[in-house]
Every structure is written in structure tokens, then in C-alpha cells.
J.: 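Pasting a structure below so you can have a look.
Values in this document were obtained by computation on a predicted structure and should not be read as measured data.
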Amino acid sequence: MDVTHFAAAASPPPAPAGKKSVQLVEFTAMHGVRYSVTLGYLKATAMADPVIDAAYDFRINVREQSGGEQAMTALLDSWDEPFVVGLTVYFWNRAQSLELARLVKERWPACRVVIGGNDVSHQQDPLFAEAPWVDVLVHGEGELRFRDLLHRFLADGDLATIPGISHWSDGAVVTNPDADRITDLDQIVSPILTPVYSDEEITGSSMIVYETNRGCPYKCSFCYWGGATNSKVRQFDLDRIFAELDRLIRLMPTDATLFIADANFGILARDRQIAERIVELSRRYDKRMLVSTNWAKNGNERIVQIASMLHEAELTGAITLSAQSFDANVLKIANRANIRTDHYRRLLSRFRELDIPTYTDLIWGLPGESYTTYLDGIEEVLTAGGSPVIYPLLLLNNTDYSRESFQDEHKLATRWMPCDITNPELVADVVIGHSAMTAEEWVRGMEFRVAMTLFQKILLRCSLRVLHATTGVRLVELCRELWTFLLDDCADPFLRAIARNIGATYREPADLDMALLRRVIGDQIVVPEEMHFQALLCRIIGTERATTDLLRAAVDRLCDRLTDAGHQIDRTLLDGALALDFAATTILRGILRKDVQEAEFAVPRSAWDLLVDAGDVPSGLDVSGQDHTVHGTVWSPDRWLDYPISVYALAIWHGTGRPLHDLLFDLPDRTDLPDRAGAVA
């Protein structure tokens with residue numbers, strides 16, 4: 001990150017004479033984000049108090065995590081001496097936040113440093129031991145507590161009467177009684193309907209995080225949201241929401257994301273009204289954007305209706321179906337048994353009928369989950385036509401999993417390491433073993449995420465579906481065989497080296513070979529996430545020859561293994577499916593080269609129908625004029641050529657990109673042509 005960017009972005013005019021400076025800071029892991037709903041709430045609620053508004057000058061500082069100490073120094077250099085610095089802390093920005101707090105105290109010892117956020121709430125003992133330079137820790141919801149603190153700071157008063165905080169008093173940490181949850185959310189002043197954010201600041205942010213309610217009725221043991229707080233859903237006023245959305249959507253930049261940060265969007269009847277208003281406003285202001293959210297865990301028809309509405313308006317990508325695991329015992333341990341998997345299956349079926357893409361969240365490392373049940377769950381999603389997105393389990397503060405008794409009972413083993421092994425800034429307490437999962441099995445499961453995404457979601461999706469349907473061999477077993485091929489037998493030494501570095505790095509993060517990744521992908525990476533996967537993909541699709549050589553060798557390997565095991569292989573069907581897989585890579589190559597790529601294919605009608613039924617090929621294509629073989633041409637659409645390959649690769653990883661669905665198809669009536677099954681341009 002260019003340090004001059006920080007300096008330029010953080011050069012506000014000095015505080016008005018006589019006002020005390022309050023600097024509010026959030027470090028974000030998201031690129032291009034300049035809007036913080038958390039800091040906006042703090043500022044708006046505080047400024048609504050006339051005494052505080054008259055006494056303080058508030059500045060919001062939203063900064064990307066990249067940049068290091070130089071960037072933090074540049075930020076501090078842009079400030080006049082602050083009276084209060086407040087930071088919101090999550091696991092991904094804890095290190096940077098506490099280091100900035102240390103630098104503040106080092107430079108301005110009299111400044112009051114206040115922190116809050118999910119990662120540090122109710123963690124006063126370890127927090128003050130780690131960062132004794134922090135003055136006050138706010139537990140839970142911070143808007144009213146922060147306002148009360150500002151009053152006390154003005155009078156240099158006693159903090160003992162403010163509930164829900166921990167603070168230093170006479171050289172010791174004192175924790176006051178808990179504060180009640182905010183039942184009337186109107187007490188939290190809108191940062192959108194007050195002069196907290198300028199039009200330019202909203203327009204300049206690539207993502208707007210937005211709440212319509214607070215609370216979660218579920219008690220999942222791995223989650224801070226409901227598991228730790230067990231709070232009822234409290235709602236912001238609907239008229240306020242409509243007014244806020246009007247300003248936000250009018251000002252948001254093209255292709256920005258509106259992330260509705262409710263725990264269960266769609267759980268309330270009024271959520272349909274909110275979605276309808278978003279659609280109406282996007283049309284009124286001719287705004288192209290992406291609406292993302294956390295959908296309600298126990299799915300209902302309302303979710304289907306809302307998602308369909310947003311999808312039809314081209315305002316959403318894939319819909320999240322939250323499963324985490326399909327093993328009954330794992331879900332029971334996670335206090336998630338009341339979130340029924342049959343709801344998942346029904347919803348997936350409904351979305352498939354409507355041709356709306358979905359992805360399924362799974363967590364690898366949940367207590368009780370073995371490598372076998374992990375693969376069983378992935379197979380459940382794949383065979384149903386879903387798209388698994390797999391995350392490692394993080395041991396978050398204030399969750400049931402973080403309790404010492406729970407960790408002892410299930411023999412949890414954790415490691416402080418990057419949760420995305422190629423992004424050293426995203427450090428967390430990662431679960432790498434427990435009574436049902438060894439550390440080596442955990443590594444194998446992390447490798448499998450890459451194998452499944454690379455081959456089943458992208459490179460050989462159609463071929464694997466045909467092999468699965470004609471032999472009965474599970475898709476996960478086919479992916480495992482392909483991973484062995486990539487590790488040991490593929491002809492490209494760079495692919496073998498990248499694949500081997502994945503397991504090596506998960507065993508020892510210091511073994512990350514970033515030089516190798518950079519050598520392979522050069523400047524193609526603009527989003528530093530899952531860079532092993534990105535490097536493998538860029539290497540494979542770099543040229544048509546590289547793609548065809550690798551995929552043909554991989555399919556031949558599978559056929560040899562299956563034949564050795566006594567299975568009959570229908571090469572006509574398989575070669576037709578492989579032709580579609582070759583064609584699917586044209587969108588990736590088009591994005592990489594920044595020009596339109598096209599390919600012809602010919603697929604036996606029986607294979608085509610199988611792939612349509614499984615959701616691998618779009619269902620709306622008209623092949624009624626074609627008989628035994630479906631012929632056609634695909635090409636990469638112009639709209640994707642403006643995107644970096646890094647962005648599209650990660651869209652596939654996260655379930656929103658689907659190469660065969662994103663391509664343009666031409667399927668003329670070509671029954672007069674000879675059968676060319678397996679042909680590819």
C-alpha cells in the first residue's frame with residue numbers, strides 16, 4: 001500500500017478552536033472501503049448530545065490493514081493532539097488496532113484510548129495484560145457507553161458509574177456491572193440521516209455495511225452473534241430504514257456492495273418490504289450494485305421470494321445456504337441441531353428450479369467432525385448441484401467453543417496463524433485438531449478445499465459429473481485422485497511445486513513460498529486471498545495448450561484408475577463433457593488476455609441433459625432443434641473483460657462465479673452436421 005495514500009486521505013482540517021479532538025479508527029480487510037457503520041453510530045449518537053457536540057470535534061478514519069508502521073505513523077502525523085481515540089476491534093484487525101493504540105499513548109500520554117468490538121468484549125484480563133496502554137474497554141454495544149464516557153472525560157470524572165466497561169483505577173483493572181442491551185434502537189442515531197458522512201465519502205466507498213436489525217435467536221457455539229449474546233431480534237424503525245436506503249443507493253458508486261449485516265435477513269416478514277424498496281430505489285437511481293447478506297438459517301419461502309426478487313433485478317449473485325456441517329452429532333455439539341438440514345435441501349431444490357445460483361457455507365474443523373464426515377458433507381452438496389465454500393474453524397472469543405472446559409472435553413488444538421494462509425494479516429486462533437480430527441487430517445482437509453474448487457467448480461466440472469453418474473464413484477473421491485495427480489504426476493513442475501506448498505504451509509506457515517507464487521502469477525493478483533488457488537488457476541488457463549494438456553492428462557489418469565477398479569468408462573459421453581470443460585475455460589482466458597475468446601463444442605444429447613439436470617449447464621438454453629448431439633459455440637462476454645482475473649477467480653471460489661453460466665452460448669440448429677462429440681476449437 002502506498003503510504004502517500006494514507007497521508008493524503010488523512011489530512012483533514014484542524015479541529016475548530018476550543019473543541020477537543022476525537023479520532024475514531026477502524027482497520028478494514030476490505031479493499032476500497034471508506035465507510036464504517038460502527039464508527040458512524042458512535043459519532044452520530046455522541047453528536048446528538050448538545051453538550052458533547054459543543055465540546056468535541058469527531059473525525060472518522062477507515063483504513064485498510066496494509067501499510068504497516070509507516071502507514072500508521074502517517075495517520076498519526078495527520079492528527080492534532082487527540083483528546084480521545086476510539087478503535088473498533090475484530091480478530092482480523094486486533095494487532096494493528098492495539099499497535100496504533102500503543103503509538104498514540106507513546107506520542108500523547110494524556111490521550112484517552114477507548115476500544116470495543118467483538119474480539120475484545122468481556123476479555124478484560126487478557127486484553128489489559130496484552131495492551132496496558134488502553135484506558136477503557138467497552139463491552140457489547142458501545143454507542144451509549146461511548147457517549148457516557150465522553151461526558152465523564154470532559155469533567156475528568158469517575159468512571160465507576162458507567163455500566164458495561166472495564167478501566168484502570170488506582171493501578172488496577174476494574175470491571176463495572178454489565179450494561180443492559182439497547183432495546184429501543186432509536187437511541188442509536190443514524191449516521192446516514194445526520195451530517196456524519198458526506199456525499200463524497202459514501203460515493204467513495206466500495207462497500208456499505210448496513211443494519212436493519214440486531215440480534216440472533218440461535219445459539220451456535222462457534223459464533224459470537226447468537227451463541228454468546230443469545231439476544232432477541234431488535235428492529236430499527238422501517239421509515240428510518242427506507243430513508244437511509246434512499247440516500248445510500250442514490251450515492252453508492254457503480255458495482256459497490258450493499259452488505260445487509262443482519263444475522264438472519266429474511267427471518268422477519270418486513271424484510272420483503274425492505275428488499276422491494278431496494279429494488280425500487282436501484283431502478284429509480286439507475287444503480288448497478290450487489291446486495292449481499294446473511295440469510296436466515298432456517299430457510300422459508302420468504303427467503304426464496306426475496307432472493308428471487310433481487311436476482312431478477314440483477315442485484316445479487318449467489319445466495320448463501322448456511323449448513324456448516326451435515327453430521328447430526330457435529331451439529332448437536334455446535335448447538336445447531338435446531339437448524340434443520342432438510343430446510344437446506346428444500347431451499348437448494350427451489351433455487352435450482354428458479355436457476356438462481358447458491359453456495360453452501362461449510363466449516364472444516366468443527367468438534368466432532370472427522371475427515372470422513374467432512375467429505376460426506378461436501379459430497380452431499382456436490383451431488384445436489386450446490387457449491388461448497390469451506391472455511392477453517394476459528395476459535396472466536398466469547399463463544400462456547402472458547403470455554404476452557406469445552407476445549408478440554410473435545411481436546412481442541414489451536415494455532416495462532418493466518419486463517420487464509422497466504423494473507424499474513426488475517427491472523428486468528430485456528431482449530432487444527434480435536435478428538436475426531438488429527439492435525440494431519442486437518443491439513444488434508446485444507447488441501448481438499450483447493451482441489452475441489454479447482455477441478456469440480458471450474459476445470460473438470462462436467463467431466464466429473466459424467467464420471468460420477470456413469471460409475472457411481474463419489475465426486476469427492478474423484479477430486480482426491482486429481483489432487484494426487486497434481487501433486488505427483490502432472491508434467492508441469494510449477495503446478496507440482498505450488499500444490500505441494502499448500503500442505504507444507506498449513507503445516508508450517510513460515511514455509512509459504514511467496515516468491516514461487518509471484519513468479520507464476522506476476523501482477524495478476526489484485527486481491528491477496530487464497531493465492532495458491534489463484535496461482536494454480538492462472539498457470540493452467542494461461543494458454544489453450546496448457547489447459548488442454550493438463551485436463552486431458554487428468555482425465556486419462558481418472559480413467560486409468562477407474563478402469564483398474566473395474567468400472568466401465570463411456571468415452572463418448574466423457575469426451576463430450578470434456579469439450580464443455582474446455583469451452584468453460586474461455587471466459588477465464590478472455591479475462592486474463594482482455595479479449596474475447598470463443599470455443600466450439602459437441603456433446604452427446606444424453607450427456608447434455610445429465611449436465612442440465614445437475615445444474616452444471618444453464619437450463620434455459622434451447623436445444624430443441626438438435627438431436628443426438630448438441631453443437632454450439634461459447635464466448636466470453638465483454639462485461640467480464642474489465643474484471644481482473646483475480647476477482648473472477650475468487651468469485652468462483654466464493655460460489656458467485658460459474659464459468660459455464662457466465663459465458664454466452666450460441667446453439668443453432670445443426671442436426672445436419674456429422675457427430676463431432678468431443679470436438680473443441
J.: Could you check whether any side-chain N or O of Lys105 sits under 3.5 Å from a backbone N or O of Val113, counting only pairs where one atom can act as donor and the other as acceptor?
T.: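 Between the backbone of Val113 and the side chain of Lys105 there is no qualifying donor-acceptor contact (under 3.5 Å).
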
J.: Return the orientation label for the Phe83 and Phe153 ring planes: parallel under 30°, perpendicular over 60°, tilted otherwise.
T.: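 Rings of Phe83 and Phe153: perpendicular, over 60°.
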
J.: Between Phe222 and Tyr401, what is the ring plane arrangement, given parallel below 30°, perpendicular above 60°, and tilted in between?
T.: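 Rings of Phe222 and Tyr401: tilted, 30 to 60°.
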
J.: As an exercise, state the distance from CG of Asp361 to CH2 of Trp295, rounded to the nearest 0.5 Å.
T.: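 Between atom CG of Asp361 and atom CH2 of Trp295 there are 13.5 Å.
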
J.: For the pair Ser205 (side chain) and Ile202 (backbone), establish whether a donor and an acceptor sit closer than 3.5 Å, ignoring hydrogens and angles.
T.: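 Side chain of Ser205 to backbone of Ile202, a donor-acceptor pair under 3.5 Å: no, none is there.
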
J.: Would a distance-only check, ignoring hydrogens and angles, find a side-chain to backbone donor-acceptor pair under 3.5 Å from Thr316 to Val291?
T.: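 Such a contact is found between Thr316 side chain and Val291 backbone.
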
J.: Evaluate the criterion side chain to side chain contact (heavy atoms under 4.5 Å, CB included) for residue pair Leu154 and Val51; output intermediate values, then yes/no.
T.: CA-CA 10 Å; Leu154 271 181; Val51 174; 4.1 Å; yes

J.: Look at Arg288 together with Asp255 and state whether they make a salt bridge at an N to O cut-off of under 4.0 Å.
T.: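 Asp255 and Arg288: salt-bridged.
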
J.: Can you check side chain to side chain contact (heavy atoms under 4.5 Å, CB included) on Gln124 and His139, steps first, answer last?
T.: CA-CA 9 Å; Gln124 57 270 23; His139 306 292; 3.3 Å; yes

J.: Could you pull out the closest heavy-atom pair between Val104 and Cys111, with the gap in Å?
T.: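 Closest approach of Val104 to Cys111, heavy atoms only: CG1-SG, 3.8 Å.
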
J.: Please find the pair of heavy atoms, one from Glu425 and one from Gln96, that lie closest to each other, and give the distance.
T.: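 Minimum heavy-atom separation between Glu425 and Gln96: CB-NE2, 4.3 Å.
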
J.: Rounded to the nearest 0.5 Å, how far apart are CZ of Arg59 and CG of Leu24?
T.: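 If I round to the nearest 0.5 Å, the distance is 11.0 Å.
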
J.: Taking it one step at a time, do Glu530 and Asp420 satisfy side chain to side chain contact (heavy atoms under 4.5 Å, CB included)?
T.: CA-CA 6 Å; Glu530 302 296 346; Asp420 177 345; 4.1 Å; yes

J.: Got a donor-acceptor contact below 3.5 angstrom from the Trp442 side chain to the Val431 backbone?
T.: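 Judged by distance alone, yes, a pair lies under 3.5 Å.
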
J.: Is any side-chain heavy atom of Val134 closer than 4.5 Å to one of Leu87?
T.: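 Answer no - side chains too far apart.
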
J.: Identify the two heavy atoms, one from Pro418 and one from Pro424, that lie closest to each other, and give their separation to 0.1 Å.
T.: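 Shortest heavy-atom separation between Pro418 and Pro424 comes out as CG-CA, 3.9 Å.
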
J.: Taking the inter-plane angle between the rings of Phe58 and Tyr56 on a 0 to 90° scale, is it parallel (under 30°), tilted (30 to 60°) or perpendicular (over 60°)?
T.: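 Phe58 and Tyr56: tilted rings.
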
J.: Could you please spell out the steps behind the side-chain hydrogen bond (donor to acceptor under 3.5 Å, both in side chains) verdict for Asn93 and Gln65?
T.: CA-CA 7 Å; Asn93 69 10; Gln65 289 176 267; over 6 Å; no

J.: Determine, for Arg34 against Glu26, whether the closest basic-nitrogen to carboxylate-oxygen distance falls under 4.0 angstrom.
T.: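 No, Arg34 and Glu26 are not salt-bridged.
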
J.: Please check this pair: side chain of Asp262 against backbone of Thr212, looking for a donor-acceptor N/O pair closer than 3.5 Å.
T.: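 Checked: pair present.
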
J.: Salt-bridge test for Arg94 and Asp119: reply yes if a basic N is under 4.0 Å from a carboxylate O, no otherwise.
T.: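 Salt bridge flag = yes for Asp119 with Arg94.
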
J.: Identify which one of Arg270, Arg214, Glu211 satisfies the side-chain hydrogen bond (donor to acceptor under 3.5 Å, both in side chains) criterion when paired with Gln235.
T.: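 Of the listed residues Arg270, Arg214, Glu211, the side-chain hydrogen bond (donor to acceptor under 3.5 Å, both in side chains) partner of Gln235 is Arg270.
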
J.: How far apart are the C-alpha atoms of Gln534 and Leu517, what are their side-chain angles, what is the distance that settles it, and do they pass the side chain to side chain contact (heavy atoms under 4.5 Å, CB included) test?
T.: CA-CA 9 Å; Gln534 294 194 54; Leu517 301 185; over 6 Å; no

J.: So, Asp246 and Arg277, do they make that salt bridge, N to O below 4.0 Å?
T.: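 A salt bridge is absent here (no side-chain N lies under 4.0 Å from a carboxylate O).
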
J.: Counting only N and O atoms by type, is there a donor-acceptor contact under 3.5 Å from the side chain of Asn176 to the main-chain atoms of Gly164?
T.: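 Pair absent, no side-chain N/O of Asn176 close to backbone of Gly164.
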
J.: Evaluate the side-chain proximity of Leu75 to Ser78: yes if any heavy-atom separation is below 4.5 Å, no if none is.
T.: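 Yes - at least one pair of side-chain heavy atoms lies under 4.5 Å apart.
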
J.: Measure the spacing between CG of Leu393 and CG of Asp429 and express it to the nearest 0.5 Å.
T.: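 Between Leu393 CG and Asp429 CG, I get 9.5 Å after rounding to 0.5 Å.
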
J.: Side chains of Asp158 and Arg152: does their closest heavy-atom pair fall under 4.5 Å?
T.: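 Heavy-atom side-chain distance check fails, nothing below 4.5 Å.
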
J.: Starting at CG of Leu281, measure out to CD1 of Ile249 and round the result to the nearest 0.5 Å.
T.: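 The distance works out to 4.5 Å.
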
J.: Give a yes or no on whether the backbone of Asn423 and the side-chain of Glu529 come within a donor-acceptor separation of less than 3.5 Å.
T.: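 No: the side chain of Glu529 does not pair with the backbone of Asn423.
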
J.: Identify whether the distance between the nearest side-chain nitrogen and carboxylate oxygen of Lys219 and Asp400 falls below 4.0 Å.
T.: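 Here Lys219 does not pair with Asp400 in a salt bridge, since their nearest N and O are not under 4.0 Å apart.
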
J.: Check whether any side-chain N or O of Tyr210 sits under 3.5 Å from a backbone N or O of Val37 as a donor-acceptor pair, and report yes or no.
T.: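 The answer is no, because no donor-acceptor pair under 3.5 Å joins these two groups.
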
J.: Of all heavy-atom pairs between Asn398 and Ser121, which one has the smallest distance, and what is that distance?
T.: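 Heavy atoms only, the tightest pair is ND2-O, 2.8 Å.
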
J.: Does the side chain of Val84 reach to within under 4.5 Å of the side chain of Lys20, using non-hydrogen atoms?
T.: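 Counting from C-beta outward, Val84 and Lys20 never come under 4.5 Å.
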
J.: Could you check Asn335 against Ser221 for side-chain hydrogen bond (donor to acceptor under 3.5 Å, both in side chains), going step by step and ending with a plain yes or no?
T.: CA-CA 6 Å; Asn335 278 333; Ser221 297; 3.2 Å; yes

J.: I'd like to check Trp653 versus Val450 (side-chain heavy atoms, cut-off strictly below 4.5 Å). Are they in contact?
T.: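 Result yes, sub-4.5 Å side-chain heavy-atom pair found.
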
J.: If I compare all heavy atoms of Ser97 with all of Val89, which pair ends up nearest, and what's the gap?
T.: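 That would be CB-CG2, 3.9 Å.
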
J.: Any side-chain heavy-atom pair from Val430 and Leu394 closer than 4.5 angstrom?
T.: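 Counting from C-beta outward, Val430 and Leu394 do come under 4.5 Å.
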
J.: Should Arg415 and Glu508 count as an ion pair when the cut-off is N to O under 4.0 Å?
T.: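 Salt bridge present between Arg415 and Glu508.
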
J.: Are more than 12 heavy atoms, taken from residues, nucleotides or ligands other than Asp180, located less than 6.0 Å from that residue's CG atom?
T.: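 Check fails, neighbour count at 12 or below.
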
J.: Kindly assign one of parallel, tilted or perpendicular to the pair Trp79 and Trp108, based on the angle between their ring planes and the thresholds 30° and 60°.
T.: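 Geometry flag for Trp108 against Trp79: parallel rings.
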
J.: Examine distances only and state if a side-chain atom of Asp271 and a backbone atom of Gly266 form a donor-acceptor pair shorter than 3.5 Å.
T.: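 Present.
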
J.: Anything under 3.5 Å between a donor and an acceptor, one on a side chain of residues 183-193, the other on a protein residue two or more places apart or in another chain? List them.
T.:
{"unit_1": "Asp184", "atom_1": "OD1", "unit_2": "Asp186", "atom_2": "N", "d": "3.1"}
{"unit_1": "Gln187", "atom_1": "NE2", "unit_2": "Asp184", "atom_2": "O", "d": "3.4"}
{"unit_1": "Ser190", "atom_1": "OG", "unit_2": "Ile192", "atom_2": "N", "d": "3.1"}
{"unit_1": "Ser190", "atom_1": "OG", "unit_2": "Leu193", "atom_2": "N", "d": "3.0"}
{"unit_1": "Ser190", "atom_1": "OG", "unit_2": "Glu244", "atom_2": "OE2", "d": "2.6"}

J.: Knowing that exactly one of Leu251, Ile260, Leu258 qualifies, which makes a side chain to side chain contact (heavy atoms under 4.5 Å, CB included) with Ile208?
T.: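 Option passing the side chain to side chain contact (heavy atoms under 4.5 Å, CB included) with Ile208: Leu258.
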
J.: If I compare all heavy atoms of Ala535 with all of Ile521, which pair ends up nearest, and what's the gap?
T.: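 The pair with the smallest heavy-atom distance is CA-CG2, 3.2 Å.
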
J.: As an exercise, state the distance from CG of Leu150 to OG1 of Thr45, rounded to the nearest 0.5 Å.
T.: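 Leu150 atom CG to Thr45 atom OG1 measures 11.0 Å (nearest 0.5 Å).
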
J.: Check whether any side-chain heavy atom of Thr320 lies under 4.5 Å from a side-chain heavy atom of Asn294, and answer yes or no.
T.: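 Thr320 does not reach Asn294 side chain to side chain.
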
J.: Taking Asp80 for its side chain and Ser21 for its backbone only, find out whether a donor-acceptor pair lies under 3.5 Å.
T.: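 Such a contact is absent between Asp80 side chain and Ser21 backbone.
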
J.: Nearest 0.5 angstrom please: Glu69 CD to Glu99 CD, how far?
T.: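 If I round to the nearest 0.5 Å, the distance is 6.0 Å.
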
J.: Do Phe146 and Val22 make a side-chain contact, defined as non-hydrogen atoms from C-beta onward lying under 4.5 Å apart?
T.: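 Yes. Closest side-chain heavy atoms under 4.5 Å.
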
